[in-house]
Every structure is written in structure tokens, then in C-alpha cells.
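First the proteins, then the strands, lettered A, B, ... as listed; each starts at 1. A quick note: this is a predicted structure, and the numbers were derived from the prediction, not measured.
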There are 2 protein chains.
Amino acid sequence: MKVVLGKDLLAANENKAAKNRELFDQAGILVVNLISSPGSGKTTLLEKTARFLGGDLKMGAIVGDLYTDRDARRLSEAGMVTVQINTEGVCHLDAKMVARALQEMPMVSLDLLFIENVGNLVCPAAFDLGEHVKVAVLSVAEGTDKPAKYPGIFRESGAVVINKSDLLPYTDFNVKNCLDDLRGIKENMAIFITSAKTGEGIDQWCKWLRESKGNMI
Amino acid sequence: MKVVLGKDLLAANENKAAKNRELFDQAGILVVNLISSPGSGKTTLLEKTARFLGGDLKMGAIVGDLYTDRDARRLSEAGMVTVQINTEGVCHLDAKMVARALQEMPMVSLDLLFIENVGNLVCPAAFDLGEHVKVAVLSVAEGTDKPAKYPGIFRESGAVVINKSDLLPYTDFNVKNCLDDLRGIKENMAIFITSAKTGEGIDQWCKWLRESKGNMI
């Protein structure tokens, strides 16, 4: 019973996600679904991205949170058009929630749309939101072993951002081992080592976003 | 349909959890359910705990992981009796999984049993495993705003460990604001500031464990 309902729910989500993707393609927006543990620095990464690319590209963000609107307010201040989704305790965004948020999003005026998922490295991996690419964000403070321990999200992702590189000197994080594990899970993955705090690597990450947007046309 | 099934599942879990708790009480073991984001340092905290209290108390650990047995191996090496649960992608432990693991756990010979949950700050909060107390672990690298953004688990917890205090000088983490948020969510919560790396605060945490075990009798 549980499994059947699970499959039905996921199938309904796939249908809704396909409709979202059609809307994104019609509007010519590149849509990125950002997934990570709580506290990996997704919002700070997007703040920096807004400042780095804001002169050229119009950006929006749909921000998933259990209850608060802190992140959405921060991204508005950084110049993004934002729509907040409060999941009221639900551990992931689904395509229906995103479809509802899109009704408030002025899509034709955007180039890039970020979906900042609920902080959770497990559940959001199973839900297609209609995005063009999933990006997993990992903080070096979380430890080298995260790709090996939570392979699902890294397998689903087109890119990985290894964030908070400013903390590298103070942690046991082993960049080489982490990269090896990531390559073992999936080849041909774009990987960026960034510090949203100091700005390290933000240029490479933004270059990739710009090129990915360019490749859409 | 979804809600009804959800309630049935949670009710079945409560029944199973009550049976687990009966077994724990009969054996006179204090059982602690450790919940956190991936990479907060739960396993390293338990390694230090094993070394600090190992002379006095016999300890066991049931270790939940999506796929690997890395954490269980580390805790065995630190002297704990360990049983591994691989959830095969499921985002939390439930009482039935724990009941199955207990069949391999020599309970009568133990004083303390830790259940190290899957790294996830959201879903495990909803599942009673039969433990006597939930403990939320938060790394200072995750940021000050985590209690406000993920209040569910902190409301359910009898204690909070603020870990990786060795990183405090290199992060924006504001201890006072975090403590204020925690007190706002729940009064009378035991709070420990620790570094499982340097050993800071491990004595206070272990003193609380010893007293909590003493208060059972």
C-alpha cells in the first residue's frame, strides 16, 4: 500500500514537473535547483551570485523553508525577484508547490531562476521540480565523507559546489579524496570550490551559470 | 488518503516505540536518540564520549546510515558495541528498524545506548524510536539561524549540543543569539558547547549523561 501510493505520488510529481519545465523553456529561463544540508551556505552563495551576475542577467529565486522567510528577504535585498514557499514542516519542495509559486514570478523578464530547496541532503533528491539542473552544495565543515554517505543527491546533480573553502585550514576536509569520491559516483560533473564569504571561486561558478544559460538557445 | 495513511504509519510507529521503551526500561539502559544535519560531528562526539565514560559505563550504539558502515566501524573501534542499520535511502530511522537492531544488541550488559540517526534535521524529529531523550547536535559552521529555521527538532529535544566550537573564531556564529533562539523555542533544555576535536565541553556533556542515567533508578 505504502509503495503504491509512493509511486503514484512520484508519478504525479513527474507530470507536474514536466509542465513546469515547459513553462521554463517557453520563457527561455535556465532553472537551477539547489540542494544541500542545512547551513551549507546556499543563501550566501546566491547573494554573491546576484552581485556578480546582476549587471548582465535578471535573476529570480523561489525559496523553500519550513517556516521562516529569512532567506527570501536576504535574496530580495541582493536584487533577486523572490517568492517564498513555506512548506510548514514538509522536508522537501515538490513540483506542485513550485507551480503555485510560479504564478507570482514574472518569468518572461528573467534569465535565471534558482530554486533554493529546504535544507536536507536526502529527501529533495527524489523530487523533480522541472529544473534544468540540480546543484548540490556541500560545506567543507561537513566532512570529506558526505558524497560517499549520501550518494543519491550527488548522482542526480549536474554540478557540485564545495563551499566555505575559507574554513579548509581549520578542518580535516580532504579535497582530493572528496573529488575522487564524486568522480566515482558520477563522471562529467562540474565541480566548484568556493567561499561565499571571501568570494573565492565565485567567478568560475558564475561563468558556468552564464555558459549553461547560453547553451539553452 | 495521504494524511490518513500518514497517521496510521505514525500510530504504528508509536506502538512499536512504546515496546522498545519497555525493553530499555527493563534492561535499565538510558537511550539517547542523536539527531542532526549531515556533518555536525555526531560520530566524533560519540567517539570522545566512549573514551571519556568508557571506564565506568558500558555503551552501545545503533547507527543509522543510508548505505555505508563507516560510522559503526569508528564507534566499534572506540569501544562501543555497535549495530548498523542501513536504511537503503530512507531519510530517517523508525521504531521497527530499531526493534530489529535490538535483537543483535546485548542489552543487559549495557548502561547507555546511543541511536545515531540518519543525518537529517527534519524527518527524524517525527519518529519516536522508544528513546528516553532526543539530543539535537548543531555545528557552529551551520550558522546561528538553524534553531529558528528548523524548530521542530529543537522543540522535541531534551538537550542540544553546539559542536565544532573550535571553528567559532572563523565563523559568524553568534552563541548568544543561538542560545536566545533555543530558549525561545523551549525552556529547561540542557545545552552544551563542545568541540569533539579539542575535547572542549565533553566533560559537561558526559556529566549530564551520567546524571541522566543515575536519575533513571
**Report entry** Part of A/D71 within contact of chain B (heavy atom distance under 4.5 Å)
**Finding:** side chain
Query raised in the report: Side chain, backbone, both or neither: which part of A/K146 has an atom under 4.5 Å from a heavy atom of chain B?
Result: side chain
Query - Member of A/S37, A/S139, A/S36 meeting the side-chain contact (heavy atoms from CB on, under 4.5 Å) criterion with B/P38 - result: A/S37
Query - Atom NZ of B/K186: over 12 foreign heavy atoms under 6.0 Å - result: yes
Query raised in the report: Is any side-chain heavy atom of A/C123 less than 4.5 Å from a side-chain heavy atom of B/C123?
Result: yes
Query raised in the report: Taking atom CD of B/E88 as the centre, does the number of heavy atoms from other residues, nucleotides or ligands within less than 6.0 Å exceed 12?
Result: yes
Query raised in the report: Does NZ belonging to B/K197 count more than 12 external heavy atoms closer than 6.0 Å?
Result: yes
Query raised in the report: Just by distance, do the side chain of A/K149 and the backbone of B/L66 share a donor-acceptor pair under 3.5 Å?
Result: no
Report task. Quick one: which of A/G89, A/G152, A/G143, A/A148 has the most heavy-atom pairs under 4.5 Å with chain B, could you say? Result -> A/A148
Query raised in the report: Is there a donor-acceptor pair closer than 3.5 Å between any side-chain N or O of B/Y150 and the backbone N or O of A/G119?
Result: yes
Requested in this report: Against chain B, work out which of A/C91, A/G41, A/A125, A/S40 has the most heavy-atom pairs shorter than 4.5 Å and name it.
Outcome: A/C91
**Report entry** Residues in residues 167-176 of chain B that sit under 4.5 Å from chain A, counting heavy atoms only
**Finding:** B/L167, B/Y170, B/T171, B/D172
